[in-house]
Protein chains: 2
Amino acid sequence: MPPRRKSRQRERIYELISASMEHPTAQRLFETLKKEMPSASLGNVYRNINILVEEGRVQCRMFGDGVEHYDAITGSHYHFICERCRTVTDFTMPLQEEITAKARTMTGNTITGHTIQFFGICDACVKKTNKGRKQ
Amino acid sequence: MPPRRKSRQRERIYELISASMEHPTAQRLFETLKKEMPSASLGNVYRNINILVEEGRVQCRMFGDGVEHYDAITGSHYHFICERCRTVTDFTMPLQEEITAKARTMTGNTITGHTIQFFGICDACVKKTNKGRKQ
DNA sequence: TTACTTGCAAAGATTTTGCATCTGT
DNA sequence: ACAGATGCAAAATCTTTGCAAGTAA
């Protein structure tokens, strides 16, 4: 890993990832960034994201739509995926340590941790459904 | 969804997905299939996988390596991902219903289910490590 | 015969890379 | 001035599609 110079673009990308509740894709980050730095390029967004991942400041996750989503590392948390609009949001629930423990005792394997995704319909989509429904 | 004719290739793909403990990618399925049906094409493997998914016989999952893995639907189960070799295997552990319940009471959201991935080092990789280590 | 299936090649989509230029230190 | 950062375009990957030929029913 080469020494890193300070890069305004990279820091801004980190801020954008931290700030968003949804977990942005490279494409979405690029669109946002482009408004503030019109010369920004998608290729370099990818490059910077990968550096952030390498530095352990950002995590890369797949949520089933075939595109990578990025997530600032702020301690463990789970995710909620809306089955209708595919939006991914943080799900604030204390880390279920006992699940890892349970898994560990069930197998001889070396288990270091777990992730959970919850599925359902988000509030926004629930509202949309109700609006369209005859009462 | 058009009516489906019986297709030997599609059924064979389903068998291959069901039979493997690891969760194969399209590329891997294609390689295996090619040995028995040399004329098989990758494009058609994708087409058949997508039909199996559409029919609800197979599930498509991403495990963080940027490629889709396929999984025969045999009831709920979790997954174990080796952080060293990235192999994904089924993790047989009873479905933790209480987690969904807990999540449901913690938020007003409509929650229908969850998936869990466990991370760690698989037995094969542990062995490899120990071999290389001075005792 | 009809219309689903297949192989092939081309097109799409997402991510990575090479190279010349720019910039922080 | 040096070495990392950037923009651009090309390449690499993975997945989907159009089309003509094959095949189950």
Side-chain angles (χ1 to χ4, degrees), chain A residues 1-17 22-71 86-88, chain B residues 1-17 22-71 86-88:
Chain A
M1 184 156 62
R4 296 288 171 207
R5 207 174 280 170
K6 207 160 278 179
S7 142
R8 180 173 305 178
Q9 189 172 128
R10 183 154 62 241
E11 289 312 308
R12 187 68 186 119
I13 288 173
Y14 178 70
E15 280 174 37
L16 290 174
I17 295 177
E22 307 178 9
H23 299 293
T25 61
Q27 185 63 48
R28 184 160 296 285
L29 286 166
F30 171 62
E31 285 159 16
T32 308
L33 199 63
K34 189 106 188 166
K35 289 174 194 157
E36 328 174 346
M37 303 182 190
S39 76
S41 64
L42 183 56
N44 208 48
V45 169
Y46 275 106
R47 230 171 337 216
N48 278 322
I49 290 171
N50 287 340
I51 290 171
L52 290 171
V53 171
E54 200 178 87
E55 292 177 343
R57 303 170 66 192
V58 159
Q59 231 173 338
C60 164
R61 290 166 182 279
M62 308 288 306
F63 292 112
D65 58 356
V67 196
E68 301 189 328
H69 292 251
Y70 304 98
D71 198 0
R86 306 283 341 165
T87 299
V88 180
Chain B
M1 184 155 64
R4 295 289 172 208
R5 207 176 278 170
K6 206 160 277 176
S7 140
R8 180 174 307 178
Q9 188 172 127
R10 183 152 64 240
E11 289 313 307
R12 186 68 187 122
I13 288 174
Y14 178 70
E15 282 174 35
L16 290 174
I17 295 177
E22 308 179 7
H23 298 294
T25 62
Q27 186 63 48
R28 185 160 295 285
L29 285 166
F30 171 63
E31 285 158 15
T32 308
L33 199 63
K34 190 105 185 163
K35 289 175 196 158
E36 328 175 346
M37 303 184 191
S39 75
S41 63
L42 183 57
N44 207 47
V45 169
Y46 275 108
R47 229 169 341 213
N48 278 323
I49 290 171
N50 287 341
I51 290 171
L52 291 170
V53 170
E54 200 177 87
E55 291 177 343
R57 302 169 66 189
V58 159
Q59 233 173 335
C60 164
R61 291 166 181 279
M62 307 287 307
F63 292 111
D65 58 357
V67 196
E68 301 189 328
H69 291 250
Y70 305 98
D71 197 1
R86 306 285 334 164
T87 299
V88 180

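All chains are named by letter (A, B, ...) in the order of the sequence lines, taking the proteins before the strands, and each is independently numbered beginning at 1. Heavy-atom basis, side chains included; hydrogens, waters and symmetry copies ignored.
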Taking atom P of D:dT6 as reference, at what distance in whole Å does atom CZ of A:Arg12 sit?
14 Å
Calculate, to the nearest 0.5 Å, the distance between atoms CG and CD belonging to B:Leu16 and B:Glu11 respectively.
11.5 Å
Which residues satisfy the side chain to side chain donor-acceptor pair (under 3.5 Å) test with A:Tyr70, sequence neighbours excluded?
A:Glu68
Nearest-Å distance for atom pair CG/P, residues B:Leu29 and C:dT6
14 Å
Without decimals, in angstroms, what is the distance between B:Gln9 CD and C:dT6 P?
5 Å
Report, one pair per line, the protein and nucleotides 19-23 of chain C atoms (nitrogen or oxygen only) whose separation is under 3.5 Å.
from: C:dT23; atom 1: O2; to: A:Arg5; atom 2: NH1; distance (Å): 2.9

Under a 4.0 Å heavy-atom cut-off, which of residues 33-46 of chain A touch DNA chain D?
A:Ser39, A:Ala40, A:Ser41, A:Asn44
Please state how far atom CD in B:Glu55 lies from atom C1' in C:dC4, giving the value in whole angstrom units.
12 Å
Would you indicate whether the side-chain heavy atoms of B:Arg61 and B:His23 approach each other to under 4.5 Å?
no
List the residues meeting side-chain contact (heavy atoms from CB on, under 4.5 Å) with A:Arg10, not counting sequence neighbours, and say none if there are none.
A:Arg4, A:Ser7, A:Asn48, A:Ile51, A:Leu52
Measure from CD1 on B:Ile51 to C1' on C:dT5 and round the result to the nearest Å.
8 Å
Working to the nearest 0.5 Å, report the span between CZ of A:Arg57 and CD1 of A:Ile13.
11.0 Å
Given the rule in the side-chain hydrogen bond (donor to acceptor under 3.5 Å, both in side chains) test, do A:Asn44 and A:Arg47 qualify, once you have shown the distances and angles that lead to the verdict?
CA-CA 5 Å; A:Asn44 208 48; A:Arg47 230 171 337 216; 3.3 Å; yes
D:dT6 phosphate, OP1 or OP2: any side-chain N/O from A:Ser7 under 4.0 angstrom?
yes
Rounded off to whole Å, could you give me the CG-to-C1' distance for the B:Asn48 and D:dT17 pair?
15 Å
So, using side-chain contact (heavy atoms from CB on, under 4.5 Å) as the criterion, who are the partners of B:Asp65 when residues are at least two apart?
B:Val67, B:His69
I'd like to check A:Asn50 versus A:Glu54 (side-chain heavy atoms, cut-off strictly below 4.5 Å). Are they in contact?
no
N/O (side chain, B:Arg4) to phosphate O (OP1/OP2, C:dT5) under 4.0 Å
yes
Divergence of helical axes at both termini of the helix from C:dT1-D:dA25 to C:dT25-D:dA1 - five pairs an end, 10° steps
30°
Contacts of type salt bridge (Lys or Arg N to Asp or Glu O under 4.0 Å), residue B:Glu15, not counting sequence neighbours:
B:Arg12
How would you list, by chain and number, every residue that makes a side-chain contact (heavy atoms from CB on, under 4.5 Å) with B:Arg5, sequence neighbours excluded?
none
Just the rounded figure in Å: distance from C1' of D:dA5 to CD1 of A:Ile13.
11 Å
To the side chain of B:Asn50, which of D:dA25, C:dT16, D:dT16 is closest?
D:dT16
Determine: side-chain N/O of A:Thr25 to OP1/OP2 of C:dT14, distance under 4.0 Å, yes or no.
no
Looking at every strand, decide which applies to B:Glu68 at a 4.0 Å heavy-atom threshold: base, sugar-phosphate, or nothing.
sugar-phosphate
Atom CZ of B:Arg28 to atom C1' of D:dT13: distance rounded to whole Å?
16 Å
So the ring-ring contact (aromatic ring centres under 6.0 Å, His included) pairs with at least one residue in residues 27-59 of chain B (sequence neighbours excluded) are none
B:Thr87 meets the side-chain contact (heavy atoms from CB on, under 4.5 Å) criterion, sequence neighbours left out, with B:Glu22, B:Cys85, B:Thr89
Of B:Val67 and B:Arg8, whose closest DNA chain D nucleotide lies nearer the 5' terminus?
B:Val67
